[in-house]
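Following: one structure in structure tokens, then a few remarks.
A note on names: the letters A, B, ... follow the listed sequences, proteins ahead of strands, and every chain is numbered from 1.
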Protein chains: 2
Amino acid sequence: MEGTSAAEGGRLGDDLSFLIARANALSISAANAVLKPLDLNVRSYALLALVAGEDPAPTQREIAAFLRLDPSQVVGLVDALEGRGLIERLPDPRDRRARTVTATAAGRTLAGEARAAALEAERTLHPTLTPSERETLIALLRRVAFAD
Amino acid sequence: MEGTSAAEGGRLGDDLSFLIARANALSISAANAVLKPLDLNVRSYALLALVAGEDPAPTQREIAAFLRLDPSQVVGLVDALEGRGLIERLPDPRDRRARTVTATAAGRTLAGEARAAALEAERTLHPTLTPSERETLIALLRRVAFAD
DNA sequence: TATTGTTATACTCTATAACTATA
DNA sequence: TATAGTTATAGAGTATAACAATA
């Protein structure tokens, strides 16, 4: 566990799944740290940012699919953010079973601050990546994250 | 939540942290599915693959740092794999507090099978990535995963 | 005094099944 | 018969603090 091997973990360092997992662990730590002052974490931030950026407003089912959460998990996240007046549930005019989720003005404001904080945390995560390298990474990663 | 927006989730689709998180969720699902027949999951596989590929054998503390786990979590993982005869704890000749972890012959065999299964699962994760794109992604992601 | 492995505990996250109201 | 949101529950993963042996 020293020299080149230490930095890459033998064969494991060539394993895309492992690299994604390790990058994610670092990313969650960094993001949660900067989001904490805003009373958000990576999950509530993702939901808030999603509904703040979507038009038309997504249903809870669509939110669950996009964030890779079970619909039952979305309930609690929406409850918490709605209780803080950041988002609200509205009836879906096209399906009385469904509820769409929209950001309030306060929610959109906080989403903006949170996004800035998250981007700042992201930068500390890869201090040596050039803007062009970052764009390449995002483009490739998007094809993995949205392969289905 | 339709058209281009549906595929990228508005601004969230440009968020590297979010893309990493979503790719990781997909990756864990795919990997756990193929590892299940081998009685492994992503965490036990990562530990087994790490100790099978490392020489000299890492201590539990080094394993924890590399896999981004708390040292107390490593205890249970090592217990389980050691109970199956796949790895073993050996006293560290240089520090009587520490224990190094080594793969047994059976462990190295299983690590090889698991690695093949994990790579196969990885391919289903990004069916359209060319080998060269995959290499680029791995190289960039490694700089994020090992920035510290 | 500090560190390694360990145990214990609590908290978050995830997975599953069932219920209700609608479709 | 199937789907959206909800509730409940159990399991997996994570974080923290404390302890004995050793440095």
Separation of D:dT6 atom P from A:E82 atom CD, nearest Å, is 9 Å
In whole angstroms, the gap separating P of C:dG5 from CZ of B:R94 amounts to 12 Å
Considering only nitrogen or oxygen atoms on both sides, find all protein atoms under 3.5 Å from nucleotides 19-22 of chain C and state each distance.
none

*Cation over ring, A:R61 on A:F66, under 6.0 Å and within 45°?*
no
Every protein N/O within reach of nucleotides 11-14 of chain C N/O, cut-off under 3.5 Å:
unit_1, atom_1, unit_2, atom_2, d
C:dT14, OP2, A:R43, NE, 3.4
C:dT14, OP2, A:R43, NH2, 3.1

Hey, is the main chain of B:S132 close enough, under 3.5 Å, to the side chain of B:E135 for a donor-acceptor pair? no
Tell me if a side-chain donor or acceptor on B:R108 pairs with a main-chain N or O of B:L86 at a distance below 3.5 Å.
no
**Asked** Is there a donor-acceptor contact under 3.5 Å from the side chain of B:E82 to the main chain of B:R89?
**Response** yes
* Asked: Side-chain donor-acceptor pair under 3.5 Å between A:S44 and A:N41, yes or no?
  -> yes
### Task
Evaluate the criterion side-chain contact (heavy atoms from CB on, under 4.5 Å) for residue pair B:E113 and B:T109; output intermediate values, then yes/no.
CA-CA 7 Å; B:E113 298 171 25; B:T109 301; 3.6 Å; yes
Between CG of A:N24 and C1' of D:dG13 the distance, given in whole Å, is 13 Å
Discussion item. Within the 4.0 Å heavy-atom criterion, would you say A:R99 contacts the bases, only the backbone, or no part of the nucleic acid?
Written reply: sugar-phosphate
From CG of B:D70 across to P of C:dA8 the rounded distance in Å is 16 Å
With distance as the sole criterion, is a donor-acceptor pair present between the side chains of A:N32 and A:Y45 under 3.5 Å?
no
| field | A:R97 with A:D92: basic N within carboxylate O range, under 4.0 Å | value | no
Out of C:dT16, C:dG5, D:dT16, minimum distance to the side chain of B:S72 belongs to D:dT16
Taken to the nearest whole Å, CD/B:Q60 to P/C:dT3 is 18 Å
B:R61 CZ to C:dA2 P, in whole Å, measures 14 Å
Taking the side chain as everything from C-beta on, heavy atoms only, tell me whether B:R143 gets closer than 4.5 Å to A:L129. yes
Ranking C:dT6, D:dT6, C:dT4 by distance to the side chain of A:R89, first place goes to D:dT6
